[in-house]
Amino acid sequence: ILNVEQSPQSLHVQEGDSTNFTCSFPSSNFYALHWYRWETAKSPEALFVMTLNGDEKKKGRISATLNTKEGYSYLYIKGSQPEDSATYLCALLGDKLIFGTGTRLQVFP
Amino acid sequence: DTGVSQDPRHKITKRGQNVTFRCDPISEHNRLYWYRQTLGQGPEFLTYFQNEAQLEKSRLLSDRFSAERPKGSFSTLEIQRTEQGDSAMYLCASSLASFGGVLELFFGEGSRLTVL
């Protein structure tokens with residue numbers, strides 16, 4: 001059974017601060033690692049799908065890296081804004097997604 | 001709206017009652033997944049279908065839970081004799097699976113169940 005861990009569990013930052021979260025997983029065979037952003041009362045929204053060791057993806061102020069050999073992925077948010085407040089989930093994809101527990105980010109104005 | 005839709009969005013029921021949730025996936029997607037999310041946890045896998053076939057069912061899914069996807073389109077998740085521990089957000093997702101694998105899951109907004 002794949003165990004996907006995320007840290008920290010929650011994070012409170014001021015507007016303008018940069019922040020990063022970690023997703024750890026056992027190095028094993030899987031198709032891809034996904035990052036999702038889940039705002040309250042909305043559906044989880046896919047941010048990145050990463051498949052290759054050394055992958056780096058970027059979308060605006062948000063970027064992610066993947067190291068499959070050592071079993072981790074980082075998500076970075078540069079210059080956090082209040083609208084970035086959400087739960088950020090990582091998940092490993094085989095036949096199904098196995099999710100981590102998420103990092104709840106709160107950005108204060 | 002061509003996304004994944006779930007109904008109802010909220011359900012409050014008394015312990016012992018049966019509840020049913022419906023999920024309408026993106027129309028061309030052949031895979032449909034059910035997840036459950038409780039406070040402080042990430043979504044936990046319950047079951048998934050490829051077309052009308054239920055391919056995997058989690059050990060988390062007790063005999064009181066049953067899911068169907070009779071025509072390979074919409075799916076229902078029924079919980080019989082609900083217990084307070086069933087209170088959770090039930091998420092549905094769909095995807096397109098091909099020989100190359102599954103690329104991305106698209107989620108609905110979830111059905112929140114509260115069992116009193």
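For the numbers below, each heavy atom of this structure counts, side chains included, while hydrogens, waters and symmetry mates do not. Keep in mind it's a predicted model, so treat the numbers as computed, not measured. Note on naming: letters A, B, ... go to the chains in the order of the sequence lines (proteins, then strands), and numbering restarts at 1 for each one.
With respect to the salt-bridge test (charged N to carboxylate O, under 4.0 angstrom), the residues Lys42(A) and Glu109(B) do not qualify.
Under the 4.5 Å side-chain heavy-atom criterion for Ile, Leu, Val, Met, Phe, Trp and Tyr, Leu75(A) and Val13(A) are members of the same hydrophobic cluster. Hydrophobic clustering (ILVMFWY, side-chain heavy atoms < 4.5 Å, transitive): Leu93(A) and Leu55(B) are in one cluster. Using a 4.5 Å cut-off between side-chain heavy atoms of Ile, Leu, Val, Met, Phe, Trp and Tyr, with links allowed through other members, Val19(B) and Tyr90(B) fall into the same hydrophobic cluster. Under the 4.5 Å side-chain heavy-atom criterion for grouping Ile, Leu, Val, Met, Phe, Trp and Tyr, Trp34(B) is not connected to Phe74(B) through any hydrophobic cluster. No continuous path of ILVMFWY side-chain contacts below 4.5 Å connects Tyr74(A) to Phe21(A), so the two sit in separate hydrophobic clusters.
Residue Leu89(A) touches chain B through its side chain alone, counting heavy-atom pairs closer than 4.5 Å. Interface residue Glu56(B): only side-chain heavy atoms are found under 4.5 Å from chain A. For chain A, no part of Gln6(B) is nearby; none of its heavy atoms comes within less than 4.5 Å. Looking at Gln6(A), there are no atoms closer than 4.5 Å to chain B (heavy atoms on both sides), in backbone or side chain. No part of Arg112(B) comes within reach of chain A, as not one of its non-hydrogen atoms sits under 4.5 angstrom from that chain.
Enclosure of atom CG in Leu39(B) is not indicated, since only 12 or fewer non-hydrogen atoms of other residues, nucleotides or ligands lie within 6.0 angstrom. Sparse packing is recorded around CZ of Arg104(A), with 12 or fewer heavy atoms of other residues, nucleotides or ligands lying under 6.0 Å away. Shown here is Glu15(A), whose CD atom has more than 12 heavy atoms of other residues, nucleotides or ligands within 6.0 Å.
Expressed to the nearest 0.5 Å, how far OH of Tyr35(B) lies from NZ of Lys96(A) amounts to 7.5 Å.
In this structure, His34(A) and Leu105(B) approach most closely via the heavy-atom pair CE1-N, 4.4 Å. Counting all heavy atoms, side chain and backbone alike, Gly108(B) lies closest to Ser43(A) at O-CB, 2.9 Å.
Counting heavy atoms from C-beta outward, Phe107(B) and Leu97(A) have side chains that approach closer than 4.5 Å.
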| message | Run Leu91(B) and Trp38(A) through side-chain contact (heavy atoms from CB on, under 4.5 Å) and show every step you take. | response | CA-CA 12 Å; Leu91(B) 285 167; Trp38(A) 193 5; 3.6 Å; yes
